[in-house]
Amino acid sequence: MLKPFLIVPVLFFLGAPAYFQQAPSTQANPPAAQPFSIPPEYVNMANPVKPTPETQARAKKMYGWDCAMCHGDTGNGKGDVAAEQKLTIRDYRDPASLAHYSDGELFYIIKNGKGQMPSEGQRANDELLWNMVILIRKMASSAPGTTTASTQP
């Protein structure tokens with residue numbers, strides 16, 4: 001009569017280690033980051049949009065909602081989320097930080113995302129994204145201490 005009461009605990013102790021054994025964690029060995037590449041058709045793509053005060057105001061509003069938390073209000077790369085997560089983000093105020101990107105490449109990155117940066121593709125139309133490229137380029141030309149060819153003596 002005591003045999004069934006003894007068998008259940010024995011089976012539990014024999015089976016428990018296998019049941020509670022966890023699968024190897026993927027966090028210990030995260031998958032290798034995929035190299036980021038921009039399709040060649042975007043490399044030489046020119047910005048087709050002529051900015052207006054209204055479209056730039058919309059782009060600035062979108063930047064404030066979606067981008068400033070990481071990229072900073074002025075494009076300095078020191079937004080609240082970037083600071084909290086200790087992210088290193090380009091300083092758009094420095095003309096050299098985006099010098100090797102064409103407008104088409106910036107458009108592609110904004111539209112599709114890059115690394116931890118989410119895409120804007122479904123949330124904004126192409127005209128607004130092109131205006132965002134213009135806004136980002138303006139951050140470098142309006143940064144304190146920078147000069148442009150038109151302002152040099």
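As a basis for the values below, the full set of heavy atoms in this structure was taken, side chains included, without hydrogen atoms, waters or symmetry mates.
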Backbone of D91 reached by a side-chain donor or acceptor of S97 within 3.5 Å: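 Indeed, once roles are kept as given, a pair shorter than 3.5 Å links the two residues.
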
Backbone N/O of W130 and side chain of N47: donor-acceptor pair under 3.5 Å: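 Yes.
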
Please tell me if the side chains of [X] and [Y] come closer than 4.5 Å, counting only heavy atoms from C-beta onward.
X: D103; Y: R137; value: yes
X: M132; Y: M62; value: yes
X: V43; Y: E105; value: yes

Inter-residue atom distance [X].[atom1] - [Y].[atom2], 0.5 Å rounding:
X: R90; Y: H71; atom1: CZ; atom2: NE2; result: 10.0 Å
X: M45; Y: E41; atom1: CE; atom2: CD; result: 6.5 Å
X: L106; Y: Y92; atom1: CG; atom2: OH; result: 7.5 Å

Donor-acceptor side-chain pairing of Y63 and R58 below 3.5 angstrom: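 Side chains of Y63 and R58: no pair found under 3.5 Å.
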
T55 and N131: side chain donor to acceptor below 3.5 Å: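 T55 vs N131: donor-acceptor pair found between side chains.
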
N44 atom CG, neighbour heavy-atom count above 12 within 6.0 Å: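 Counting neighbours around CG of N44, 12 or fewer heavy atoms of other residues, nucleotides or ligands fall under 6.0 Å, so no.
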
Which pairs of donor and acceptor atoms, one on a side chain in residues 75-82, lie under 3.5 Å apart (sequence neighbours left out)?
| residue | atom | partner | partner atom | Å |
| --- | --- | --- | --- | --- |
| N76 | OD1 | K78 | N | 2.9 |

